[in-house]
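Quick notes on the structure that follows.
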Amino acid sequence: MSQRMQQGQPMIIMGDDAQRVQDRNAQDYNISAARAVAEAVRSTLGPKGMDKMLVDSMGDVTITNDGVTILKEMDIDNPTAEMIVEVAETQENEAGDGTTTAVAIAGELLKNAEDLLEQEIHPTAIIKGFHMASEQARQEVDDIAENVDADDEELLKKVAETSMTGKGAELNKEHLAQLIVDAVSQVTVETDQGDSVVDLEYLEIETQTGRSAGESELLEGAVIDKDPVHDDMPTSVEDADVLLVNEPIEVEEANADTNVSIDSPDQLQQFLDQEEEQLRKKVEQIKETGADVVFCQKGIDDLAQHYLAKEGILAVRRAKKSDLEFLTEVLGASIVSDLDSATDADLGHGDVVRDDADELFYVTGENAHGVTLLLRGSTEHVVDELERGINDALEVVAQTVSDGRVLAGGGAIEVELASRLRDYADSVSGREQLAVEAFADALELVPRVLAENAGLDSIDTLVDLRSAHESGDQRAGLNVFSGDVVDTFDAGVVEPAHAKEQALSSATEAANLVLKIDDIISAGDLSTDKEDDEAGAPGGGMGGMGGMGGMGGAM
């Protein structure tokens with residue numbers, strides 16, 4: 001695109017396929033796309049939220065109500081919509097939970113901003129007002145938050161249960177919450193300054209189908225879901241010396257294509273003998289290190305399996321890279337990339353026990369730093385959703401231990417913040433005051449959606465909540481199961497303050513980023529997936545400018 005002056009007027013020269021949307025049209029386009037994403041996940045919010053079934057192009061099915069999972073799996077090819085997806089990803093990375101809340105608030109902020117734009121309020125004033133409101137809200141969160149001790153197991157269990165509620169772990173949430181708190185406590189270390197730091201790198205999650213979620217357990221050490229490579233090998237070795245290998249125990253192949261000319265059967269036998277000798281040498285190198293057990297990331301040749309079995313060495317092949325890395329922490333071993341340089345110093349030490357019923361190896365070390373959470377579920381879909389819920393709960397509990405602040409859930413914090421922001425708006429001059437009030441209104445989306453998803457009247461619920469907070473009960477929230485306004489903190493609905501602060505920050509920044517755009521210039525179709533558009537994917541944008549192709553089919 002180039003620009004030149006013609007008779008004193010600027011003229012924009014663009015290609016035939018180029019498209020441009022300006023001013024209010026651009027703002028309307030962006031706000032519509034962002035709101036569409038937010039509304040797609042709103043129905044999943046809260047304990048009574050509904051699930052989404054997502055079917056990808058390969059036919060794989062995902063059933064979940066986890067906000068970030070839904071947005072990642074949806075076929076979104078609108079650039080503005082993808083900015084809102086980034087809100088969910090940031091929230092997931094920084095806080096571990098609250099993705100649906102962050103996206104829903106971002107969408108509501110843009111909806112309220114649209115009303116202000118129609119009143120001829122400039123986007124700059126709205127952006128400034130939203131920023132001021134966000135900063136004030138974060139300060140109020142810190143003021144409202146209650147401190148929690150890292151050793152307060154009961155409160156941490158409530159945080160875990162709140163995070164898991166509605167995520168497939170409902171029936172066994174007490175048992176699972178206890179496992180989560182125990183797991184976090186085992187990987188928590190205290191710094192020299194007296195702070196508690198949780199290192200989830202020392203925690204692995206393994207899944208198994210065919211059993212109840214109530215049979216999930218926390219195990220010290222690692223769980224390896226593999227079988228011995230040979231029937232004649234020992235299945236359990238106590239006080240074992242373990243070698244971790246990430247090179248194949250197979251005949252080494254030439255890097256280039258080669259042809260071997262053989263004139264007689266003797267030459268063929270000689271060739272086979274050399275291969276056999278090569279495998280025998282590899283096994284001999286393993287034996288010389290003193291290893292009783294070998295976990296190999298790559299393949300193990302059938303002949304090498306036979307030699308290992310003859311030496312009484314237990315071997316496992318095709319172990320996951322992540323499992324090998326975790327075993328280095330559990331056993332104190334080093335991963336060997338070249339058997340020629342392997343020594344006894346590379347070995348780890350511990351017990352390797354086979355559970356024939358579950359077809360698993362339990363590996364424990366003398367001073368194991370790692371623990372494994374073994375999750376069980378009846379089917380693959382159940383255990384996948386359970387794992388997503390457990391991952392969120394682990395992150396939330398870890399954040400709570402590190403941050404040390406919690407809040408009442410059930411919409412209590414949002415209603416209290418909205419009330420305080422309205423008071424704060426009275427001190428704000430100019431049109432920014434209207435933006436601060438719009439921000440406060442947007443926060444009340446959370447209790448309204450919680451009520452809607454529970455089949456309750458959202459207006460009556462909001463009136464009752466406001467009344468309770470005006471009476472001074474800042475922990476009054478919605479019990480979605482009874483429909484009553486209760487002290488949600490005492491009722492066990494507890495959320496981490498850090499997640500709420502991050503949600504407010506991410507939602508505000510995303511909304512302001514969208515509002516700041518007043519001109520969209522595209523070299524072609526405003527879509528990030530051209531192939532889908534050419535194949536006839538539906539466009540949800542303006543004038544065929546690309547939309548959220550495939551989104552309707554994903555819902």
In Å and rounded to the nearest 0.5 Å, what is the CG to CG distance from Leu386 to Leu176?
6.0 Å
Search all heavy atoms of Leu394 against all heavy atoms of Leu200 and return the closest pair with its distance.
O-CD1, 4.3 Å
Salt bridge flag under 4.0 Å for residues Glu206 and Lys320
yes
Mark yes when over 12 heavy atoms from residues, nucleotides or ligands other than Lys298 sit less than 6.0 Å from its NZ; otherwise mark no.
yes
Please check if the number of heavy atoms outside Glu146 that lie under 6.0 Å from its CD is greater than 12.
yes
Which atom of Gly410 lies closest to which atom of Leu450, heavy atoms considered:
C-CD1, 3.8 Å
Once rounded to the nearest 0.5 Å, what's the spacing between atom CD of Glu250 and atom CD of Gln305?
9.0 Å
State whether a side-chain donor-acceptor pair under 3.5 Å links Ser337 with Asn246.
yes
OG1 of Thr364 to CG of Leu331: how many Å apart, nearest 0.5 Å?
8.0 Å
Could you check whether any side-chain N or O of Thr165 sits under 3.5 Å from a backbone N or O of Gly46, counting only pairs where one atom can act as donor and the other as acceptor?
no
Hey, can you pull the donor-acceptor pairs under 3.5 Å for the side chains in residues 91-103, sequence neighbours left out?
residue, atom, partner, partner atom, Å
Gln91, OE1, Ala503, N, 3.1
Gln91, NE2, Asp97, O, 2.9
Gln91, NE2, Ala499, O, 3.0
Asn93, ND2, Glu89, O, 3.2
Asp97, OD1, Lys167, NZ, 3.1
Asp97, OD2, Ser163, OG, 3.0
Thr99, OG1, Val68, N, 3.4

Only one of Asp152, Leu155, Leu156 clears side-chain contact (heavy atoms from CB on, under 4.5 Å) with Thr400; which?
Leu156
Does any donor atom in the side chain of Thr64 or Glu385 lie under 3.5 Å from an acceptor atom in the other side chain?
yes
Examine distances only and state if a side-chain atom of Thr488 and a backbone atom of Gly409 form a donor-acceptor pair shorter than 3.5 Å.
yes
So Phe295 and Leu327, do their side chains get closer than 4.5 Å, heavy atoms only?
yes
Indicate whether any N or O donor in one side chain lies under 3.5 Å from an N or O acceptor in the other, for Lys52 and Ser43.
yes
Could you walk me through whether Val283 and Glu311 pass the side chain to side chain contact (heavy atoms under 4.5 Å, CB included) test, one step at a time?
CA-CA 9 Å; Val283 174; Glu311 297 293 345; 4.3 Å; yes
What one should report as the nearest heavy-atom pair of Ala291 and Leu243 is CB-CB, 3.8 Å
Between the side chains of Lys500 and Glu495, is the shortest nitrogen-to-carboxylate-oxygen separation below 4.0 Å, so that they form an ion pair?
yes
Report yes if some heavy atom in the side chain of Leu71 is under 4.5 Å from a heavy atom in the side chain of Val41; otherwise report no.
yes
Val352/Leu314 under side chain to side chain contact (heavy atoms under 4.5 Å, CB included): CA gap, chis, key distance, verdict:
CA-CA 9 Å; Val352 180; Leu314 168 60; 4.1 Å; yes
Main chain of Gln139, side chain of Asp142: is a donor-acceptor contact present, judged purely on distance under 3.5 Å?
no
Just checking, is any N or O donor in the side chain of Asp182 or Gln186 under 3.5 Å from an acceptor N or O on the other one?
no
Can you name the nearest heavy-atom pair linking Pro496 to Leu407, along with the distance?
O-CD1, 4.4 Å
Salt bridge present between Lys282 and Glu247 (N-O < 4.0 angstrom):
yes
Compare all side-chain heavy atoms of Phe326 with those of Thr372 and state whether any distance is below 4.5 angstrom.
yes
For the side chain of Ser402 and the backbone of Gln399, is there at least one donor-acceptor N/O pair under 3.5 Å apart?
no
Could you tell me whether Glu153 and Lys158 make a salt bridge, using a distance below 4.0 angstrom between a side-chain N and a carboxylate O?
no
Assess, by modelled atom type and distance only, whether the side chains of Asp239 and His349 contain a donor and an acceptor separated by less than 3.5 Å.
no
Do Glu174 and Gln178 have side chains that get closer than 4.5 Å, going by heavy atoms?
no
Can you tell me how far apart CD1 (Ile286) and NZ (Lys281) are? Round to the nearest 0.5 Å.
12.5 Å
For residues 221-233, pull every pair meeting side chain to side chain donor-acceptor pair (under 3.5 Å), keeping only residues two or more places apart or in separate chains.
Asp227-Arg354
Working note: Glu501 + Arg405, criterion salt bridge (Lys or Arg N to Asp or Glu O under 4.0 Å); need CA distance, chi angles, decisive distance, verdict.
CA-CA 11 Å; Glu501 288 178 341; Arg405 297 174 302 147; 3.0 Å; yes
What are the two closest heavy atoms between Gly389 and Met164, and how far apart are they?
O-CG, 4.0 Å
Closest non-hydrogen atoms of Gly221 and Val330, given as atom of the first, atom of the second and distance, are CA-CG1, 3.8 Å
Could you walk me through whether Leu360 and Ile224 pass the side chain to side chain contact (heavy atoms under 4.5 Å, CB included) test, one step at a time?
CA-CA 6 Å; Leu360 301 169; Ile224 309 298; over 6 Å; no
Side chain Thr289, main chain Ala342, donor-acceptor under 3.5 Å
no
Could you go through the salt bridge (Lys or Arg N to Asp or Glu O under 4.0 Å) check for Arg376 and Glu217 one step at a time?
CA-CA 8 Å; Arg376 295 187 168 102; Glu217 53 186 320; 3.0 Å; yes
Roughly how far, to the nearest 0.5 Å, is the CD1 atom of Ile180 from the OG atom of Ser185?
12.0 Å
Given 3.5 Å as the limit, does a donor-acceptor pair link the side chain of Gln297 with the main chain of Arg317, or not?
no
Do Thr188 and Val184 have side chains that get closer than 4.5 Å, going by heavy atoms?
yes
Calculate, to the nearest 0.5 Å, the distance between atoms CD1 and CG belonging to Ile249 and Asp301 respectively.
10.0 Å
Side chains of Leu54 and Ile70 in contact at under 4.5 Å (non-hydrogen atoms):
yes
Donor-acceptor contact below 3.5 Å, side chain Asp292 vs main chain Asp241
yes
Side chain to side chain contact (heavy atoms under 4.5 Å, CB included) for Met53 and Thr62? Distances and angles first, verdict last.
CA-CA 6 Å; Met53 177 185 284; Thr62 303; over 6 Å; no
Indicate yes or no: at least one non-hydrogen side-chain atom of Leu504 is less than 4.5 angstrom from one of Val141.
yes
Between the side chain of Asp344 and the main-chain N/O of Gly290, is any donor-acceptor distance below 3.5 Å?
no
Tell me if a side-chain donor or acceptor on Asp355 pairs with a main-chain N or O of Asp358 at a distance below 3.5 Å.
yes
Do Phe481 and Lys48 have side-chain heavy atoms sitting under 4.5 Å apart?
yes
